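Everything quoted here is computed from the prediction, not taken from an experiment. The figures here come from the full heavy-atom set of this structure, side chains too, leaving out hydrogens, waters and symmetry mates.
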Amino acid sequence: MQQVLGEADWRTLDAAFAENRDPLTGHPPSHEYEQLFSRIVRTAPAPIGLGGD
């Protein structure tokens, strides 16, 4: 049997994804992850981050 998501299901999914936005896709990191994200960007090699040899 095939199941289909309803309107309420999509609203729930949209809300969950809106709360967990990925900084690598152009969304700023949440306050709690700002320092971690900055550290990753500083140490990761190009083209992901600024670090590297």
Side-chain angles (χ1 to χ4, degrees):
M1 180 165 103
Q2 184 179 13
Q3 294 183 353
V4 180
L5 296 175
E7 190 78 26
D9 298 318
W10 285 112
R11 281 194 297 272
T12 300
L13 286 169
D14 287 341
F17 275 96
E19 290 179 16
N20 297 292
R21 304 194 100 171
D22 184 355
L24 295 177
T25 60
H27 303 286
S30 62
H31 180 68
E32 64 184 322
Y33 293 109
E34 208 166 309
Q35 289 181 328
L36 174 61
F37 179 70
S38 293
R39 182 177 178 194
I40 291 169
V41 170
R42 284 192 314 272
T43 58
I48 301 295
L50 305 173
D53 298 319

> What's the shortest heavy-atom distance between L5 and L13, and which atoms?
Replying inline: CD1-CD1, 3.7 Å
> Can you name the side chain to side chain contact (heavy atoms under 4.5 Å, CB included) partners of L36, sequence neighbours left out?
Replying inline: Y33, I40
> Do side-chain atoms of D14 reach the backbone of R11 as a donor and acceptor pair under 3.5 angstrom?
Replying inline: no
